[in-house]
Chemist: 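Would you mind keeping the following structure in view while I ask a few things?
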Amino acid sequence: MPGKPTENPAEKHRRLILAAVRAVPRGQVAGYGEIARRAGLPGRARLVARILSEGDEPGLPWHRVLRSDGRVAFPPGSEGFDEQVQRLRAEGVRVEGGRVRGQSAAATLDEMLWAPPPR
DNA sequence: CTCTTGACGCCAT
DNA sequence: GATGGCGCCAAGA
């Protein structure tokens, strides 16, 4: 039966991913792959990147999403890079050379990810 | 339909 | 730490 307008998988995924990104607390960072995993879409890091690249969703803390190695995903020197670094620093995140510092940024971005930052 | 591109990730060298 | 190759998936040409 009818009923439900069968939501496209793509749209559902988008919604889940956006929710996962919003769930990242201020002052913290997460990896694309980690976001995908939290959204229930393991291995879809690229999908996360693609959705963020669309740039919609106002208020979305996209700047808290980094590569798995703790590096900013934009090419150094680009606008996106600069803006992301500024935003992160504005939240108290230590960024050096386009890389987030904090012991490991995310050795595996799995367990220590949601650890509260010392202050 | 095929081919390329991309805000990625992991592993080997 | 830097580079290169392969995997993955969606969108555009």
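The figures that follow rest on heavy atoms only: side chains count, while hydrogens, waters and symmetry mates do not. Within every chain, numbering begins at 1; the chains are lettered A, B, ... in the order of the sequence lines, protein sequences first and strands thereafter.
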Chemist: Treat primed atoms plus P, OP1 and OP2 as sugar-phosphate and everything else as base, then score nucleotides 8-13 of chain B 5' to 3': B for base contact with protein heavy atoms under 4.0 Å, S for sugar-phosphate contact only, - for none.
Modeler: BSS---
Chemist: CD of A/E57 versus P of B/dA7: gap in Å, rounded?
Modeler: 19 Å
Chemist: Determine, for A/R87 against A/D82, whether the closest basic-nitrogen to carboxylate-oxygen distance falls under 4.0 angstrom.
Modeler: no
Chemist: Measuring to OP1 and OP2 of B/dG6, would you say a side-chain N or O of A/R50 lies under 4.0 angstrom away?
Modeler: no
Chemist: Between A/E91 and A/R89, does any NZ, NE, NH1 or NH2 come within less than 4.0 Å of an OD or OE carboxylate oxygen?
Modeler: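 Judged by the 4.0 Å cut-off on N to carboxylate O distance, A/R89 and A/E91 do not form a salt bridge.
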Chemist: Rounding to an integer number of Å, can you tell me how far A/R14 CZ sits from C/dA11 P?
Modeler: 10 Å
Chemist: Report the residue (A/R71 or A/H13) whose heavy-atom-nearest nucleotide on DNA chain C is the more 5′ of the two.
Modeler: A/R71
Chemist: To the nearest 0.5 Å, what is the distance between CH2 on A/W62 and CD on A/Q84?
Modeler: 5.0 Å
Chemist: Within a radius of less than 6.0 Å around CD of A/E79, do more than 12 heavy atoms belonging to other residues, nucleotides or ligands occur?
Modeler: no
Chemist: Using heavy-atom distances to pick each residue's nearest nucleotide on DNA chain C, tell me which of A/E54 and A/G43 is more 5'.
Modeler: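 That would be A/G43.
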Chemist: Going by distance alone, is a donor N or O of one side chain under 3.5 Å from an acceptor N or O of the other, for A/Q86 and A/H63?
Modeler: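 Result is no, nothing qualifies.
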Chemist: Measure the distance from CD1 on A/I51 to P on C/dA10 and round it to the nearest whole Å.
Modeler: 10 Å
Chemist: Whole angstrom is fine here: how far is it from CG in A/L52 over to P in C/dA10?
Modeler: 16 Å
Chemist: Please round to the nearest 0.5 Å and tell me the distance separating atom CD1 of A/I17 and atom CZ of A/R50.
Modeler: 10.5 Å
